[in-house]
Every structure is written in C-alpha cells, then in structure tokens.
*Asks:* 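Just dropping this structure here.
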There are 2 protein chains.
Amino acid sequence: MSRPWHLLLVVAIGFASAIGCFVAGVYFQHNHATRLLQQLVQQDPYAYYISPKVFGVFCFFSSATEPTHRVQRIMKYGFPGLDDVRLYSDFVLSYDRRNRVAHWVCEHLQKSDLQGTRHVIRARAAYRPDLSVPSTFRSTLADYRHSGFDRGHLAAAGNHRGQQIDCNETFFLTNIAPQIGQGFNSGAWNKLEIYVRELAQHFGSVYVCTGPLFKPRPQGNDKWSVQYQMIGSSMVAVPTHFFKVIMVESKLPLGKPYMEAYVLPNTPIPEELTIREFLCDIREIEHLAGLNFFQGIRRSAIFGSNYPSQSQVFRDFA
Amino acid sequence: MSRPWHLLLVVAIGFASAIGCFVAGVYFQHNHATRLLQQLVQQDPYAYYISPKVFGVFCFFSSATEPTHRVQRIMKYGFPGLDDVRLYSDFVLSYDRRNRVAHWVCEHLQKSDLQGTRHVIRARAAYRPDLSVPSTFRSTLADYRHSGFDRGHLAAAGNHRGQQIDCNETFFLTNIAPQIGQGFNSGAWNKLEIYVRELAQHFGSVYVCTGPLFKPRPQGNDKWSVQYQMIGSSMVAVPTHFFKVIMVESKLPLGKPYMEAYVLPNTPIPEELTIREFLCDIREIEHLAGLNFFQGIRRSAIFGSNYPSQSQVFRDFA
C-alpha cells in the first residue's frame with residue numbers, strides 16, 4: 001500500500017511545483033521586461049509616448065505604474081506635437097527641421113529649481129549648435145551673426161537653475177529662435193518670462209509651453225498668405241510671433257487648473273503695454289501652430305482669461 | 001533504505017520540473033507579449049518606429065523577427081519624419097497640422113497592384129475630409145471650393161488599384177494639396193505620376209515619397225523669405241513646389257538601389273518641357289522639407305542623375 005501513496009505524493013508535488021514555477025517564470029519575465037522597458041521610456045520620448053499602449057500589452061499582474069522620471073514629469077499632460085521630439089536635462093523640445101527652430105519647448109518650473117542661484121552661473125553657459133541634429137537641419141552660430149536678430153531663448157535660462165547642466169542646455173541653438181532684440185527679447189518677452197517665474201514662485205509649480213508662430217496675414221481681395229524671413233546659410237526661419245501657454249495645477253481635490261496663453265509679435269513692443277494685452281485664446285494658438293496643449297485636461301476646464309488682472313490671479317487661484 | 005531513496009527521487013523530480021516549468025513560464029510570457037506587441041506594431045506607426053528598441057528588450061530567446069505587414073513593407077527604408085504619422089490601407093502619411101497638408105506620403109508600388117483595373121473604379125471614390133484629424137487641423141471640401149486650385153493627389157489614385165478601399169483612401173483630403181490645375185495637375189505632375197507607374201511596371205516594385213515644399217526666395221539685399229498663400233477658412237497652405245523621391249531596389253545581390261528626385265513648381269509648366277528637366281538633388285529636398293529619405297541606405301549608394309536619359313534607366317538598371 002505504501003508505493004501508490006508515494007507515487008501520488010510525487011505526482012502531486014511535481015504538479016504543484018510545476019504550476020508554481022510556471023507562474024514564477026511568467027512573473028519573472030514580466031518583471032524583467034517591464035523594468036527594461038521603463039529604462040527605455042526614460043531615454044526615448046517616443047518610447048514614452050507609446051508606453052501606455054506597450055504597457056497595456058503587459059497588463060498581466062498589474063497596470064504597470066511607472067516610476068517618476070523627468071520625461072513623465074515634464075510631459076505629464078501630453079505632447080503638443082510629435083515632430084522630432086528631443087529630450088534635454090530639464091526641458092523637452094520638438095524641432096522643426098524645415099524651419100531650423102523648435103516647434104515647441106515644454107518646461108515644468110518648480111519653485112526649488114528657481115532658487116539654486118549660488119552654484120548655477122549663467123555666464124558659464126555658451127550658445128552652441130546641438131550636434132545631435134543632422135548638419136542639414138542644424139542652425140549654427142554663423143546664421144545669427146550680423147543677422148540683426150537676437151538669439152532668443154524659448155525655454156528661458158532663468159527657469160533652469162537647479163544644476164549647471166540644466167542652465168547650459170537652454171543655450172543649445174535648438175532652443176533658440178531669431179528675436180528682435182530691443183523692445184522684444186530684452187523687453188516684453190523678458191517681462192513675460194519674469195511673470196512665469198513669479199507664478200512658479202507663488203504656486204510652487206507651473207507648466208509652460210513656448211514656441212514660434214508663422215501667422216497668416218490678409219493680402220487684400222480675401223486672400224491670406226504666410227510670409228517670413230530666413231536668415232543665415234542654414235536658412236533659419238524668423239517667426240512672426242511667439243507664444244507661451246501656461247498652466248497651473250489646482251491644489252484643491254478635483255480643482256480646475258488655471259491656464260492662460262500669450263502671443264507676442266516679433267517686433268519692438270512699446271514699453272507702456274503690459275503683457276496682459278497679449279492674452280490669446282489657446283485654441284487660436286493651436287490652430288496657428290498645429291499643436292495640441294495639455295490634452296490630458298478636459299477643455300471645459302480652460303478658463304484662462306477669467307481673471308481681469310494679474311494681481312487677482314495671485315489672490316484668487318488655488 | 002527505501003525511504004531516503006524515494007525522498008531523493010521526489011526532490012529530484014520536483015527540482016527538474018520546477019526549472020523546466022520556470023523556463024516554460026518565461027518562454028510563454030515572452031511569446032505572449034511578443035505576439036501582442038506585433039499586433040500593436042501593425043496598427044500604430046509610432047509603435048512600429050520604436051519597435052526595434054522595444055523588441056530589443058525581449059531579446060531573450062531570439063531576435064524577434066516580425067512578420068511582414070503593410071507598415072513594415074511601405075516604411076522598409078525608414079520614416080522621412082515623425083510628425084503626426086497616419087496609416088492608410090495602402091500608404092503612410094505624415095500630416096502637417098500647421099499647414100493642413102501632408103509633410104510626406106510614402107507608397108510602395110507593386111506591379112500586381114497596378115493591374116487590378118477591373119474591380120477598382122476610380123469614379124466610385126469621392127474626395128472627403130479625414131474625420132480622424134481633429135477639426136481644428138482638418139481641411140474641408142469648402143476650403144478648396146472656388147479657391148482656383150485643384151485638389152491634387154500626393155499618393156496618386158492610379159497607383160492604388162489593388163482593392164477599392166486602397167483607391168478610395170487616396171481621396172482623403174489629408175492626401176490632397178492645392179495644385180494649379182491647367183499645366184500642372186493635369187500636365188507635368190500627371191506625366192511624373194505616369195512615369196513612376198512605368199518604373200513600377202518595368203522593375204516590379206518602386207518606393208515613392210511625395211510631398212509639398214515651401215521654398216525660400218531671394219528678396220534682394222541678401223535676404224531670403226518664404227511666402228505662400230493660404231486658402232479657405234481652415235487656412236490650407238498652397239505649396240510653392242512639390243517633390244517626388246523615387247527608389248528602385250536592385251535585383252543584384254548587394255546591388256546599389258536606383259534613386260532619383262524631382263521638384264516641380266506649383267505653376268503652369270509648358271508642355272514642351274520633359275519631367276527630366278526637374279531632376280533635383282535629394283539632399284536639397286531634404287534641406288528644404290526638413291525630411292530624411294531612405295535612411296536605411298548608405299548615402300554613397302545614391303547616384304540618381306547618372307543616367308542621361310529615361311530610356312537608359314530602363315535599359316541599364318538591374
């Protein structure tokens with residue numbers, strides 16, 4: 001009677017351990033692949049973009065929650081567009097290879113990064129071409145020289161003071177566009193950049209998306225046309241306007257975010273005008289630029305220009 | 001003495017089956033995930049673009065060779081650009097949401113698809129807006145009406161006669177751009193399309209990439225500018241030129257491919273000019289359009305205009 005009993009035990013243990021080990025194997029491979037994918041997602045913006053679908057494929061054990069990393073942090077509310085997306089140490093940029101300027105630059109400003117002034121020195125940073133862009137699409141220092149235009153930052157250098165490299169990388173020419181100097185880059189545009197930092201100081205965290213516009217103009221007899229200058233031998237486009245779309249998350253549970261958008265013409269702007277005069281409907285910028293801002297947010301939640309003055313934004317929004 | 005022997009057997013069998021089943025589990029999950037990923041890759045062009053990296057993550061058992069599917073077939077030599085890539089039944093397109101026309105359209109012409117004339121009737125196809133494009137970026141039939149421009153195909157309808165749906169989808173307005181009718185759409189552009197089909201008939205298979213250009217023009221005193229018209233209330237850009245880049249694979253082992261490129265101005269072109277007059281360096285198109293053609297091919301292999309006449313191409317290339 002002892003032999004069948006033993007055999008049964010062998011079979012039972014074998015069977016149980018087989019099932020257990022099979023599941024362990026599935027789990028091991030699942031975890032291993034997920035970990036490698038998460039590494040890939042942190043290095044490649046297109047991998048990050050497609051990651052919800054790729055991770056969906058693995059929804060075996062859990063809905064793979066990714067760890068927090070910089071792409072995820074900066075691009076939390078989606079990509080405005082997908083053309084040649086490039087990852088920098090503290091901002092994400094989409095490069096327009098036809099116009100040799102960016103389509104958009106996304107930043108996430110945090111109060112803590114704005115204060116690290118002591119170790120980060122702007123004078124240590126130098127304008128330089130981004131050699132990761134193929135030469136036929138690259139803008140160079142020579143293109144801007146004697147062009148009559150400033151090398152204007154899209155992601156402002158003053159927004160990235162957490163580490164020296166964050167500041168340095170804003171000087172890559174991919175983040176630079178030809179701007180009128182007097183009255184724009186050192187005038188209204190600078191005021192707008194300071195205002196964004198004030199928002200970040202006040203609310204702790206601000207999402208900003210900045211880019212150029214090439215706005216159509218009426219030509220008479222109902223015709224419209226787009227016209228813009230190209231500078232340098234690489235042919236760098238001079239935008240007719242620049243936009244900034246700003247978003248502040250609400251601290252209230254289920255609270256609506258605060259959003260506003262500005263469009264400034266790339267011309268000398270009289271000093272007496274406040275930046276509030278350049279408020280613009282976000283949907284108009286989307287139509288002109290072919291971009292889509294903060295897709296994660298329901299459009300009913302946008303109420304940008306509901307605050308008649310800047311002081312009211314600071315006072316009322318939570 | 002029998003008990004220890006039995007125990008040893010139990011342990012040994014258990015151990016062996018544990019390892020075996022663990023490996024089987026790993027293999028099962030690997031195969032399961034790979035199969036699901038391959039399905040995703042066939043539906044999403046961005047998933048296809050990132051797939052070599054994602055599959056790299058799974059290189060556990062084999063270097064996952066994907067099955068042949070249409071994205072892989074058409075995009076065999078890489079993506080010219082990555083802005084808003086869209087998959088149609090017989091072509092792949094990148095949409096310029098700012099200009100409301102395509103950046104590029106890639107086709108793979110096969111002799112067999114050109115001959116299915118009986119069942120596929122062009123008259124059954126109708127121009128229509130692509131409703132998968134968000135309305136703010138979409139061109140409509142009304143934009144073209146009374147504009148003075150033809151609705152010109154980028155992927156030619158005559159190239160897609162394999163199934164009715166292939167032909168119908170070339171009539172989506174995403175594949176359409178404003179073209180001068182007399183002397184262009186019904187003239188030189190049509191001649192170029194016919195020439196491409198002749199190449200496909202002769203060589204059996206041809207890769208074509210078609211798109212618009214917005215070419216800078218000198219403005220005097222060393223300045224250059226880009227200028228183009230916008231039509232309709234959606235603001236659809238009228239390209240100044242159109243390009244076609246053509247590639248024929250060599251049938252010889254390690255043979256160099258044959259490539260040539262054309263740029264035609266979007267104006268009435270005198271009938272006496274042959275399309276051969278519009279041959280253009282591929283690198284010039286890349287610089288103007290911000291695109292990158294047939295990345296998979298070493299640039300030393302391009303020798304497009306080495307054939308002085310069309311008849312010589314047909315005679316000499318293998």
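First the proteins, then the strands, lettered A, B, ... as listed; each starts at 1.
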*Asks:* With a 4.5 Å cut-off on heavy-atom pairs, point out which of R100(A), K223(A), H103(A) contacts chain B the most.
*Replies:*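 Most pairs with chain B among the choices: R100(A).
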*Asks:* Given a strict heavy-atom distance threshold of 4.5 Å, which part of L288(A) is in contact with chain B: side chain, backbone, both, or neither?
*Replies:* backbone
*Asks:* May I ask you to name which of N99(B), V226(B), I50(B) has the most heavy-atom pairs under 4.5 Å with chain A?
*Replies:* V226(B)
*Asks:* Classify the ring geometry of F172(B) against Y88(B): parallel below 30°, tilted from 30° to 60°, perpendicular beyond 60°.
*Replies:*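 Tilted.
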*Asks:* Identify which part of Q39(A) has an atom lying under 4.5 Å from any heavy atom of chain B, answering side chain, backbone, both or neither.
*Replies:* neither
*Asks:* At a heavy-atom distance under 4.5 Å, which candidate from I231(B), L291(B), D84(B), L9(B) has the highest pair count against chain A?
*Replies:*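 Looking at each option in turn, the highest pair count goes to L291(B).
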*Asks:* Whether the S139(B) and S234(B) side chains hold a donor-acceptor pair (N or O, under 3.5 Å, no angle test) is what I'd like checked.
*Replies:*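 Note: S139(B) and S234(B) side chains miss the donor-acceptor criterion.
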*Asks:* Need one label for R35(A): side chain, backbone, both or neither, based on atoms under 4.5 Å from any heavy atom in chain B.
*Replies:*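 Nothing of R35(A), per the 4.5 Å heavy-atom cut-off to chain B.
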*Asks:* Please look at F214(A) and chain B and tell me whether the side chain, the backbone, both or neither of the residue comes under 4.5 angstrom of a heavy atom of that chain.
*Replies:* side chain
*Asks:* Which atoms of L82(A) come close to chain B, meaning under 4.5 Å heavy atom to heavy atom: side chain ones, backbone ones, both, or neither?
*Replies:* both
*Asks:* What class does the angle between the rings of Y48(A) and F79(A) fall in, given that below 30° is parallel, 30 to 60° is tilted and above 60° is perpendicular?
*Replies:* tilted
*Asks:* F15(B) versus chain A, heavy atoms under 4.5 Å apart: side chain, backbone, both or neither?
*Replies:* neither
*Asks:* Is it true that K53(A) and D44(B) have a side-chain N and a carboxylate O under 4.0 angstrom from each other?
*Replies:* yes
*Asks:* Y95(A) versus chain B, heavy atoms under 4.5 Å apart: side chain, backbone, both or neither?
*Replies:* neither
*Asks:* Just say parallel, tilted or perpendicular for the rings of F28(B) and F22(A), cut-offs at 30° and 60°.
*Replies:*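 Rings of F28(B) and F22(A): tilted, 30 to 60°.
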*Asks:* Is Y46(A) in contact with chain B via its backbone, its side chain, both, or neither, using a 4.5 Å heavy-atom distance?
*Replies:* both
*Asks:* Select one option (side chain, backbone, both, neither) describing which atoms of A289(A) are under 4.5 Å from chain B's heavy atoms.
*Replies:* backbone
*Asks:* Is the shortest distance from a Lys or Arg side-chain nitrogen in R138(B) or D143(B) to a carboxylate oxygen in the other one below 4.0 Å?
*Replies:*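 Answer for the salt bridge query: no.
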*Asks:* Does a side-chain N-to-carboxylate-O contact under 4.0 Å join D96(A) and R98(B)?
*Replies:* yes
*Asks:* Between H241(A) and N266(A), do the side chains contain a donor N or O and an acceptor N or O under 3.5 Å apart?
*Replies:*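 Short answer, no.
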